[in-house]
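Shown next, in structure tokens, is the structure this report addresses.
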Amino acid sequence: MPRIRHDPVASTEARLLPSGDAIDAHRHDDHQIAYAARGVLSITTDAGSWVAPGDRALWIPAGTVHAHQAHGELELHLVGLPAADNPLGLDRPTVLAVGPLLRELIVAYTCAPGQDSPERARLRAVLLDQLRASPQQPLHLPTPATPLLRALCALLEADPADGRTLAALGRAVGASDRTLSRLFRADLGMTFPQWRTQLRLHHALVLLAEGLPVTTVAHRCGWASASAFIDVFRRAFGHTPGGHAPR
């Protein structure tokens with residue numbers, strides 16, 4: 001198991017990470033907001049993974065052991081908040097929508113982290129107000145606890161385009177589709193089709209950040225056509241995948 005780094009304070013900063021770069025598992029005593037102004041950011045914990053493109057941010061509660069991963073060249077903005085200051089009352093990582101105003105507030109606040117002035121305090125207050133109004137997004141890909149589901153999910157994580165039915169996948173891992181369906185609901189809180197769609201959307205965001213064309217992403221992630229992919233993507237994110245090309 002990798003060594004967990006303990007950073008007592010969740011720092012406020014902006015940094016650039018090359019595509020594929022990572023920040024190893026660590027935790028903070030304070031809360032953290034992580035936002036990618038360019039590229040796609042993912043975090044991973046024992047409970048699963050969360051992914052955030054440029055119109056999403058990640059809320060990481062104090063004490064959560066997590067690792068960061070950059071997909072595409074990543075412009076990462078981190079906002080640290082005291083553990084006693086939890087504007088959303090969230091105790092687990094969560095993806096939040098980021099509108100134009102919140103985006104500019106995060107960028108402005110993190111680009112001058114050393115300043116301590118009334119103006120900066122007002123900027124932080126508005127940032128927190130906007131954060132409270134940010135809708136939560138269901139972009140969590142949970143990690144299964146049961147060995148059977150771990151084996152099945154590993155097959156699809158290795159190849160998201162794998163189109164086998166649950167019954168066929170069950171034969172590969174030695175379980176019936178009825179047993180696996182029950183485990184998906186009990187262990188992950190979602191159905192097998194819901195989990196597979198989440199996996200494919202996560203993978204699609206990564207490939208889009210790397211600059212692959214929409215049609216190529218659609219086929220690599222298991223959709224029969226680009227139009228089918230675009231429809232699912234729009235329903236999940238509120239816009240088409242074309243907006244996630246590297247900037």
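Contact check for His68 versus Leu17: no side-chain heavy atoms found under the 4.5 Å cut-off. Residues Val214 and Thr240 form no side-chain contact, since every pair of their non-hydrogen atoms from C-beta on lies 4.5 Å or further apart. Considering only heavy atoms from C-beta on, Met190 stays 4.5 Å or farther from Arg196 through its side chain. Using a 4.5 Å heavy-atom threshold, the side chains of Leu88 and Leu96 count as touching. In this structure, Ile106 and Leu127 have side chains that are in contact, with non-hydrogen atoms separated by less than 4.5 Å. In this structure, Val65 and Thr45 have side chains that are not in contact, with every pair of non-hydrogen atoms separated by 4.5 Å or more. Proximity of Pro100 to Glu104: side-chain heavy atoms (C-beta onward) are nowhere separated by under 4.5 Å. With a 4.5 Å cut-off on side-chain heavy atoms, Val217 and Pro241 do not count as touching.
With hydrogens and angles ignored, the 3.5 Å screen pairs a side-chain donor or acceptor of Arg120 with a backbone N or O of Tyr109. Looking at Tyr35, its side chain does come within 3.5 Å of a backbone N or O of Gly54 through a donor-acceptor pair. Between the side chain of His66 and the backbone N or O of Thr44, no donor-acceptor pair lies under 3.5 Å. Between the Ser19 side chain and the Gly72 main chain, a donor and an acceptor come within less than 3.5 Å of each other. Side-chain atoms of Asn86 come within 3.5 Å of backbone N or O of Leu90 as a donor-acceptor pair. With Thr110 contributing its side chain and Thr12 its backbone, the two residues share no donor-acceptor pair below 3.5 Å. Side-chain atoms of Arg103 do not come within 3.5 Å of backbone N or O of Val98 as any donor-acceptor pair. Proximity of a side-chain donor or acceptor of Arg150 to a complementary backbone N or O of Pro144 within less than 3.5 Å is detected. The closest donor-acceptor contact from the side chain of Gln69 to the backbone of Gly20 lies under 3.5 Å. Side-chain N or O atoms of Thr94 include one that pairs as donor or acceptor with a backbone N or O of Arg92 at under 3.5 Å.
With rounding to the nearest 0.5 angstrom, the CD atom of Gln130 is 6.0 Å from the CG atom of Leu105. Between atom CD1 of residue Ile60 and atom NE2 of residue His28 there is a gap of 6.5 Å, rounded to the nearest 0.5 Å. The structure places CD of Gln194 at 10.5 Å from CG of Leu188, a figure rounded to the nearest 0.5 Å. Distance check: Asp55 CG to Leu102 CG gives 11.5 Å after rounding to the nearest 0.5 Å.
Taking each heavy atom of Asp129 and Arg132 in turn, the nearest pair found is OD1-NH1, 2.9 Å.
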Solution key, residues 152-162 side-chain donor-acceptor pairs under 3.5 Å, sequence neighbours excluded:
from	atom 1	to	atom 2	distance (Å)
Asp159	OD1	Ala161	N	3.2
Asp162	OD1	Arg164	N	3.0
Asp162	OD1	Arg164	NE	3.2
Asp162	OD2	Arg164	NE	3.1
Asp162	OD2	Arg164	NH2	2.8

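Evaluation of the side chain to side chain donor-acceptor pair (under 3.5 Å) rule for Arg15 yields Glu13 as partners, not counting sequence neighbours.
A parallel orientation is assigned to the rings of His140 and Trp50, their planes being inclined by less than 30° (bins at 30° and 60°). Classification of the Phe233-Phe237 ring pair by plane angle, with boundaries at 30° and 60°, yields tilted.
For His203 and His71, the ring centers are positioned 6.0 Å apart or more.
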Next on the checklist: I'd like to know whether Asp177 forms a side-chain contact (heavy atoms from CB on, under 4.5 Å) with Thr165, so could you lay out the CA-CA distance, the side-chain angles of the two residues, the decisive distance to 0.1 Å, and finally the verdict.
Outcome noted: CA-CA 9 Å; Asp177 55 345; Thr165 64; over 6 Å; no
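More than 12 heavy-atom neighbours from other residues, nucleotides or ligands sit within 6.0 angstrom of CZ on Arg124.
By the rule that hydrophobic residues join a cluster once side-chain heavy atoms approach within less than 4.5 Å of another member, Val51 and Leu74 end up as members of one cluster. There is a path of hydrophobic side-chain contacts, each under 4.5 Å, that joins Phe192 to Leu148. The same ILVMFWY cluster, assembled from side-chain heavy atoms under 4.5 Å apart, contains both Leu141 and Leu169. Under a hydrophobic-cluster definition in which Ile, Leu, Val, Met, Phe, Trp and Tyr are linked whenever side-chain heavy atoms come within less than 4.5 Å, directly or via other members, Val79 and Val126 are assigned to the same cluster.
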